[in-house]
Amino acid sequence: MNYIENKVEDVQIAYIGGGSRGWAWGLMSDLASEPSLSGTVRLYDIDMHAAQTNEIIGNKLNELKDIQAHWNYKAVSSLKEALTGADFVVISILPGTFKEMYSDVHTPEKYGIYQAVGDTVGPGGYIRALRTIPMYEEIALAIKAYSPAAWVINYTNPMSICVKTLYKVFPEIKAFGCCHEVFGTQKLLASMIKEVTGTPNVSRQDIKINVLGINHFTWITEATYKGKDLFPMYESFVNQFYETGFEEDDKDHWMNNSFESAQRVKFDLFKRFGVIAAAGDRHLAEAVNGKWYLKDPETVAEWKFGLTTVDWRINDLNSRLERSTRLANGEEAFELKETGEEGVLQIKALLGLTDLVTNVNIPNTGQIPNLPLGTIVETNALFRKDRVEPIMAGNIPNPIYGMVATHVSNQETIVEAGLSGNKKLAFSAFINDPLVTLPYAEAEALFEEMLNNTRKYLPKNFK
């Protein structure tokens with residue numbers, strides 16, 4: 001890397017999963033829009049053709065008139081080639097294929113268990129984790145061998161389990177996980193201020209929060225706008241929109257987009273526990289008792305969110321594949337647009353060009369005192385040159401502690417089971433999940449069926 005005035009040139013980024021037809025394009029857009037950085041992105045993917053296509057797309061950005069920075073994109077054929085000399089490592093992979101994901105999400109439905117996402121907790125989240133852990137073990141060992149000083153940014157789910165695996169395999173790794181779910185709740189609070197007070201142009205960055213918990217089950221214990229406590233306003237807002245729900249003007253209606261919701265789950269959790277739930281309704285619904293919001297599709301509709309089917313994801317991928325071809329062939333122009341992600345801002349801060357406070361998933365070193373040390377928790381942290389310093393968030397409030405602690409225990413157990421190949425240990429976490437409201441024998445049958453559907457990704461010693 002070369003520091004020239006307030007810029008850093010020749011930054012080396014390794015992108016694992018660099019054939020992505022979503023996250024990769026967003027990173028390209030964000031990098032091209034940041035004038036203080038430039039360098040090379042090495043794209044590694046088990047689908048070499050996808051990485052090569054993204055190499056073409058990424059390098060075509062240098063022809064655009066409105067870019068602020070030039071980056072060189074290069075598809076590579078091995079982790080060693082991608083990682084050697086890397087300053088930063090980005091991991092964004094799909095663990096397995098949509099065939100395995102279909103089983104994660106839809107096999108439990110035969111047993112009366114519904115999942116809105118199926119990638120973090122619940123039956124789908126834990127089976128996905130068991131095939132992800134060996135992949136992350138390999139990645140961690142490769143980082144240790146070829147770029148041990150690099151900063152590692154993870155976007156893959158299950159987030160907490162992925163990051164925990166990296167640290168278990170390579171304790172000295174400098175890794176953190178990024179998730180935009182909390183940003184959505186900040187945007188909701190900004191929309192609330194506009195709705196209640198008529199104040200225009202409130203951005204999510206104007207909403208200062210204390211966030212704590214684990215990924216996709218995060219909570220806000222303090223929220224202010226220009227120093228004013230927002231909890232009293234939020235309580236009135238929840239009471240006003242509890243039955244009808246609330247939808248922001250710039251988003252699709254929840255019935256037309258299974259990624260959206262009317263925030264009713266979030267509002268209900270506030271009424272129950274007095275704490276602002278900070279993740280999206282689809283993830284929150286999976287983290288609590290399976291009969292509350294996910295009893296059946298009719299209950300889901302009453303709470304005004306959707307079940308994201310794998311068929312929808314397959315159709316969406318086909319559309320992105322077609323777009324990938326058009327972008328690579330020059331039949332469609334790449335449009336630079338702000339993604340709302342903070343990966344590039346984090347890179348800037350770690351290079352010493354700015355300071356940044358944002359929510360991040362890292363090991364608990366005491367920022368949440370009543371959760372075990374070493375647990376991967378999500379809180380605010382300060383990013384500055386070559387440092388990520390967690391900000392003290394305080395204890396998980398007692399009303400929600402038991403729910404959070406259950407998931408912490410299950411995730412720690414799954415990581416241990418995945419690394420050791422202990423199927424019995426994995427099942428102990430599986431059956432302890434709040435969505436698995438089944439008799440023991442049925443839970444065991446579901447577990448075995450789902451394992452068989454993903455077995456080729458499991459380590460040979462898994463038994």
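Numbering of residues begins at 1 and proceeds along the displayed sequence.
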(request) Please test Leu307 against Leu294 for side chain to side chain contact (heavy atoms under 4.5 Å, CB included), starting from the C-alpha separation and ending with a verdict. (result) CA-CA 9 Å; Leu307 303 175; Leu294 287 165; 3.8 Å; yes
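- Cation-pi geometry between Arg282 and Phe305 is not met at under 6.0 angstrom from the ring centre and within 45 degrees of the axis.
- Salt-bridge check for Glu389 with Arg387: passed, with a basic side-chain N closer than 4.0 Å to an acidic carboxylate O.
- Looking at heavy atoms from C-beta onward, Ile214 lies in side-chain contact with Val408 at the 4.5 angstrom threshold.
- Inspection of the Asn157 and Thr120 side chains reveals no N or O donor paired with an N or O acceptor under 3.5 Å.
- Asn364 places a side-chain N or O within 3.5 Å of a backbone atom of Leu371 that can act as its donor or acceptor partner.
- Around the NZ atom of Lys80, the shell of radius 6.0 Å holds no more than 12 heavy atoms that belong to other residues, nucleotides or ligands.
- With His283 as reference, Asp119 is the one residue of Asn215, Asp119, Val121 to meet the side chain to side chain contact (heavy atoms under 4.5 Å, CB included) rule.
- Using a cut-off of 4.0 Å between Lys/Arg side-chain N and Asp/Glu carboxylate O, Lys266 and Asp281 are scored as salt-bridged.
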(message) Assess the residue pair Thr185 and Trp219 against the criterion (side chain to side chain contact (heavy atoms under 4.5 Å, CB included)); give the C-alpha distance rounded to whole Å, side-chain angles, the decisive distance to 0.1 Å, and a yes or no.
(response) CA-CA 10 Å; Thr185 303; Trp219 301 82; over 6 Å; no
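- Of the possible donor and acceptor atoms, one in the side chain of Glu34 sits under 3.5 Å from a partner among the backbone N and O of Ser36.
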(request) Check the pair Phe447 / Phe430 against ring pair (Phe, Tyr, Trp, His ring centres under 6.0 Å), numbers first and verdict last. (result) CA-CA 8 Å; Phe447 180 69; Phe430 184 92; 5.0 Å; yes
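- Below 30°, between 30° and 60°, or above 60°: for Phe383 and Phe176 the angle between ring planes is above 60°, a perpendicular geometry.
- Of all heavy-atom pairs between Ala175 and Leu166, the closest is CB-CD1, 4.0 Å.
- Looking at Asp433, its side chain does come within 3.5 Å of a backbone N or O of Gly122 through a donor-acceptor pair.
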Side-chain polar contacts of residues 37-46 - donor-acceptor pairs under 3.5 angstrom, sequence neighbours left out - could you list them?
residue: Arg42; atom: NE; partner: Glu81; partner atom: O; Å: 3.1
residue: Arg42; atom: NE; partner: Ala82; partner atom: O; Å: 2.9
residue: Arg42; atom: NH1; partner: Gln12; partner atom: OE1; Å: 2.7
residue: Arg42; atom: NH2; partner: Ala82; partner atom: O; Å: 3.1
residue: Arg42; atom: NH2; partner: Thr84; partner atom: O; Å: 2.7
residue: Asp45; atom: OD1; partner: Asp47; partner atom: N; Å: 2.9
residue: Asp45; atom: OD2; partner: Gly19; partner atom: N; Å: 2.9

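- Side chain of Glu449 to backbone of Thr107: no donor-acceptor contact under 3.5 angstrom is found.
- Judged by distance alone, with hydrogens and angles left aside, the side-chain atoms of Glu138 form no donor-acceptor pair with the main-chain N or O of Met135 at under 3.5 Å.
- Remark: the His216 side chain and the Glu181 side chain contain no N/O donor-acceptor pair separated by less than 3.5 Å.
- Proximity of a side-chain donor or acceptor of Thr354 to a complementary backbone N or O of Lys348 within less than 3.5 Å is not detected.
- Closest of all the heavy-atom pairs between Ala285 and Val265 is N-CG1, 4.3 Å.
- With respect to Arg264 and Glu302, no salt bridge is recorded, no charged nitrogen being found less than 4.0 Å from a carboxylate O.
- With 3.5 Å as the limit, one finds a donor-acceptor pair spanning the side chains of Gln367 and Thr365.
- For residues 206-225, there are no salt bridge (Lys or Arg N to Asp or Glu O under 4.0 Å) pairs, not counting sequence neighbours.
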(request) Step by step, work out the side chain to side chain contact (heavy atoms under 4.5 Å, CB included) result for Asn154 and Met159. (result) CA-CA 7 Å; Asn154 179 67; Met159 174 67 72; 3.2 Å; yes
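- In this structure a side-chain-to-backbone donor-acceptor pair under 3.5 Å is present from Ser191 to Lys187.
- Side chain to side chain, Trp25 and Asn54 meet the donor-acceptor criterion of an N or O pair below 3.5 Å.
- More than 12 heavy atoms of other residues, nucleotides or ligands shown are found within 6.0 angstrom of NZ on Lys174.
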(request) Show your working on ring pair (Phe, Tyr, Trp, His ring centres under 6.0 Å) between Trp151 and Phe88 and close with a plain yes or no. (result) CA-CA 5 Å; Trp151 282 98; Phe88 297 91; 7.8 Å; no
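- Shown here for Gly418 and Pro459, the closest heavy-atom pair between the two residues is O-CG, 4.2 Å.
- The ring pair (Phe, Tyr, Trp, His ring centres under 6.0 Å) contacts involving residues 309-364 comprise Phe259-Trp312, where partners must be two or more places apart or lie in separate chains.
- In Asn201, the CG atom is not crowded: 12 or fewer heavy atoms of neighbouring residues, nucleotides or ligands sit closer than 6.0 Å.
- Residues Thr156 and Tyr136 have side chains that bring a donor and an acceptor to within less than 3.5 angstrom of each other.
- A salt bridge does not link Arg326 with Glu331: none of the charged nitrogens is closer than 4.0 Å to a carboxylate oxygen.
- Of the possible polar contacts, none joining the Glu9 side chain to the Ile4 backbone as a donor-acceptor pair under 3.5 Å is found.
- In terms of heavy-atom proximity, Ile93 sits nearest to Gly17 at CG2-CA, 3.8 Å.
- Using a 3.5 Å distance cut-off with no hydrogens or angles, the side chains of Gln52 and His49 do not pair a donor with an acceptor.
- Taking the charged nitrogens against the carboxylate oxygens, Glu100 and Arg131 have no contact shorter than 4.0 Å, which rules out a salt bridge.
- Taking a 6.0 Å sphere around CZ of Phe246, one finds it holds more than 12 heavy atoms contributed by other residues, nucleotides or ligands.
- Looking only at distances, a side-chain donor or acceptor of Asn380 sits under 3.5 Å from a matching main-chain atom of Ile209.
- Side chain to side chain, Asp296 and Thr299 meet the donor-acceptor criterion of an N or O pair below 3.5 Å.
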(message) Show, in sequence, the C-alpha distance, side-chain angles and deciding distance for Arg455 and Leu451, and conclude whether the side chain to side chain contact (heavy atoms under 4.5 Å, CB included) test is met.
(response) CA-CA 6 Å; Arg455 189 163 295 280; Leu451 274 187; 3.9 Å; yes
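- Between Phe237 and Tyr234, the two ring planes are tilted [angle within 30° to 60°].
- Remark: side-chain polar atoms of His407 are paired, donor with acceptor, to backbone N or O of Ala287 under 3.5 angstrom.
- Residue-environment remark: NZ (Lys7) stays at or below the threshold of 12 foreign heavy atoms within 6.0 Å.
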